[in-house]
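One structure is given here, and the rest of the page talks about it.
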Amino acid sequence: MVFRRSARRMRWLGCYRLGPLWKALLVFAVIAFAGQLLGVIFNKSWMQPERPHSLYALPSDNSQGDSLGSCQPHTHIMFLKTHKTASSTVLNLLYRFGEERGLKFALPMGYQFGYPMSFNAQRVKGYRGPRVAEFDIMGNHMRFNKPEVEKVMPADTFYFSILRDPVALAESSYAYYKNVAPAFRRAKGLGDFADNPYKYYDPRLRNNHYARNLMWFDFGLDHTSNFSLALVKRGVAAVRRNFKLILISEYFDQSMVLLRHALCWPLDAVVSFSLNARQHIPTGRSGWVGKAAAPAPLALTDKQRSKLREWNALDWHLYQAFNLTFWQDVERFGRSRMESEVALLRTKREVLTRICLRDGGRPIEASRIRDKTIRPFQSGLVKILGYELRSGLDNATWEACLRMIRPEIQYKDLLDLRQFPRAQQPPAAGGLPVKREPAILRTEDRGGKRLVEKDWDGTILFRNQSLEQVDSKVRLR
């Protein structure tokens, strides 16, 4: 009782602003709570082998932030997974939440819902028509198409997505899709592209949507018209109409607090490690360097950053509009209240880092991860980093920690196997699916000219194929 009164007083005072004594007490309380939960993991009567468990399984007013009242957790959720916006980390939260509760996922045949083509309900594995089979969670990459999504998801579905500053997104997109987007492939570096994008950009070529207004494109908005404020207003209004919450990547922890209150989830459900992060070396404002004696491929001047905002003007206006809305939501939530929950969330993340991860929780190169089944997929100029678990974890803790670092492709394969066991090849030893190594495959003619590329989800990418041409889906064998 005394501890509860103290916790309420900490929230009332805004413990995030108090001195080191209060912070030390907060860390001590969370570590003690984690230890209690790890002890409960060993209780066999609590374990249910048919469903995985979270590291945090017991309710606690002191560990979950402000009370959510009598609301019920949302279990019908649609997340528009925009590209290069920390969306892989958000998808991991949804995968974990759904897996722990035995929810049914709307999964693609491959790894994306026919992207970059507009979403069609027939792309969902197991879909048999409107209202024939009910799905709970949808979150893989798609180009949004609300009428088709509504054929798959229940009427009470909660829709949300995430945005990122277009300049930061352009840096990430260039690094990741350098060899996929013709506009990026031809440019010497992102600065070179920013100086004269029309020199490299042809909207008719397939995958060039990665090079301009990528978020606008993912939301299914009109990307072929010339920029105008009227077009921006229609686009922003459409997003507001279709989505109940838009998160901001630059304020990820604050976004998680707003999300968990909107979904009526415990705070533990939105604690995460950053996934699909790229390796970088800080140098000046760009934060990147290239190889020795070569120009930094992602280095930008202030003028080039301004040019990229102009080039991605639709994305920039979309981001500005919902960044404003985001901070209005924070004000309504309460600044002090937000600071307290963010502090608690970060403390929980630090505790889980110490419990789960090697090397102090620092992400490492995929080649250094000894377990090949959790190595992240690699693409583009820079290395995509992952994590390695500490040795000596008990089985239940190891399983809970693994779910937090499992890369999106491997996680989707695992959920697919559990949801459609007869449609998959037999599992390998240990009950996990046989993993097909993701790869970009190239087919060449006798003259060495590249004719065909297969993207990581098996999509055949014909060189210079236009967006108007229907893509052909072939699963890698």
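All heavy atoms count here, side chains included; hydrogens, waters and symmetry mates do not. Predicted, not measured: the structure shown is a model, and the values here were computed from it.
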Name of the residue among Phe322, Phe79, Phe144 meeting ring-ring contact (aromatic ring centres under 6.0 Å, His included) with Phe243: Phe144
Donor + acceptor pair across side chains of Lys81, Ser88 (<3.5 Å): yes
Residues, nucleotides or ligands: over 12 heavy atoms within 6.0 Å of Lys303 NZ: no
Ser172 (side chain) donor-acceptor with Ala168 (main chain) under 3.5 angstrom: no
Ile405 CD1 to Leu389 CG distance, which is reported to the nearest 0.5 Å: 3.5 Å
Donor-acceptor side-chain pairing of Tyr176 and Glu171 below 3.5 angstrom: no
Verdict with reasoning, Phe160 to Ile77, per side-chain contact (heavy atoms from CB on, under 4.5 Å): CA-CA 8 Å; Phe160 78 102; Ile77 302 161; 3.6 Å; yes
Backbone of Ala238 reached by a side-chain donor or acceptor of Asn242 within 3.5 Å: yes
Carboxylate-amine/guanidinium contact Arg143 Asp218, below 4.0 Å: no
Sub-4.5 Å side-chain heavy-atom contact between Met256 and Val90: yes
Intermediate values then yes/no, side-chain contact (heavy atoms from CB on, under 4.5 Å), Leu247 and Phe252: CA-CA 8 Å; Leu247 311 178; Phe252 190 83; 6.0 Å; no
Asp315 side chain near Arg212 side chain, heavy-atom distance below 4.5 Å: no
By side chain to side chain contact (heavy atoms under 4.5 Å, CB included) - contacts of Asp192 (at least two apart): Ala187, Lys188, Tyr200
Any donor-acceptor N/O pair, Arg123 side chain to Met109 backbone, under 3.5 Å: no
Inter-residue atom distance Thr75.OG1 - Asp136.CG, 0.5 Å rounding: 5.5 Å
Under 3.5 Å: donor-acceptor pair, side chain of Arg234, backbone of Leu221: no
Sub-6.0 Å ring centroid separation between Tyr177 and Phe184: no
From Leu190 atom CG to Leu300 atom CG, the distance as rounded to the nearest 0.5 Å: 4.5 Å
Side chain proximity check, Gln410 to Leu414, heavy atoms < 4.5 angstrom: no
Side-chain donor-acceptor contact under 3.5 Å, Tyr115 with His209: yes
Residue pair Arg96 / Val271: nearest heavy atoms and the distance that separates them: NH2-O, 2.8 Å
Check against side-chain hydrogen bond (donor to acceptor under 3.5 Å, both in side chains), Thr82 and Arg164: CA-CA 9 Å; Thr82 49; Arg164 184 182 186 185; over 6 Å; no
Side chain to side chain contact (heavy atoms under 4.5 Å, CB included) against Glu331, all qualifying residues, sequence neighbours excluded: Arg335
Over all atoms of both residues, closest heavy-atom pair of Ala106 and Met138: CB-CE, 3.7 Å
Member of His83, His141, His223 meeting the ring-ring contact (aromatic ring centres under 6.0 Å, His included) criterion with Tyr210: His83
Side-chain donor/acceptor of Lys412 to backbone N/O of Tyr95, under 3.5 Å: no
Heavy-atom donor-acceptor pair, Arg185 side chain to Lys178 backbone, under 3.5 Å: no
Backbone N/O of Leu231 and side chain of Ser228: donor-acceptor pair under 3.5 Å: yes
Atom pair CG/CG of Leu352 and Leu357 - distance to nearest 0.5 Å: 8.5 Å
Contact summary for Leu91 and Gly139, nearest pair of heavy atoms: CD1-O, 3.6 Å
Val239 side chain reached by Leu318 side chain, heavy atoms, under 4.5 Å: yes
Residue pair Arg309, Asp165: steps toward the salt bridge (Lys or Arg N to Asp or Glu O under 4.0 Å) verdict: CA-CA 9 Å; Arg309 288 194 178 95; Asp165 184 308; 3.6 Å; yes
side-chain hydrogen bond (donor to acceptor under 3.5 Å, both in side chains) partner of Glu341, chosen from Arg346, His261, Gln254: His261
Minimum heavy-atom distance between Leu103 and Gln419, given as atom pair plus value: O-OE1, 4.4 Å
Lys NZ or Arg CZ of Lys244 over Phe158 ring: under 6.0 Å, within 45°: no
CA sep, side-chain torsions, deciding dist, call: Asn92, Glu408, side-chain hydrogen bond (donor to acceptor under 3.5 Å, both in side chains): CA-CA 7 Å; Asn92 177 268; Glu408 143 185 5; over 6 Å; no
Non-hydrogen atoms of Glu148 and Ala121 that approach each other most closely: OE1-N, 2.9 Å
Nearest atoms (heavy-atom pairs only) where Leu314 meets Asn213: N-OD1, 3.2 Å
Candidate pair Phe105 and Asn140, rule side-chain contact (heavy atoms from CB on, under 4.5 Å), full reasoning: CA-CA 10 Å; Phe105 292 88; Asn140 294 84; over 6 Å; no
Centroid-centroid distance, Trp311 to Tyr198, less than 6.0 Å: yes
Backbone N/O of Thr89 and side chain of Ser272: donor-acceptor pair under 3.5 Å: no
Beyond-backbone contact of Met338 with Leu258, side-chain heavy atoms, under 4.5 angstrom: yes
Interatomic distance, Glu134 atom CD to Thr157 atom OG1 [nearest 0.5 angstrom]: 8.0 Å
Check: Pro73 and Leu263 side chains under 4.5 Å, non-hydrogen atoms: no
Distance, nearest 0.5 Å, that separates CH2 of Trp316 from CE of Met215: 9.5 Å
Within-4.5 Å side-chain heavy-atom neighbours: Leu245 and Leu259: yes
Donor-acceptor contact present, side-chain Ser255 to main-chain Tyr251, <3.5 Å: yes
Lys233 atom NZ, neighbour heavy-atom count above 12 within 6.0 Å: no
Side-chain heavy atoms of Leu163 within contact of Phe326, under 4.5 Å: no
Side-chain donor or acceptor of Asn312 paired with backbone N/O of Pro166 under 3.5 Å: no
Pair Ile246-Phe219, side-chain contact (heavy atoms from CB on, under 4.5 Å): steps then yes or no: CA-CA 12 Å; Ile246 299 295; Phe219 275 93; 4.2 Å; yes
Salt bridge present between Glu310 and Lys307 (N-O < 4.0 angstrom): no
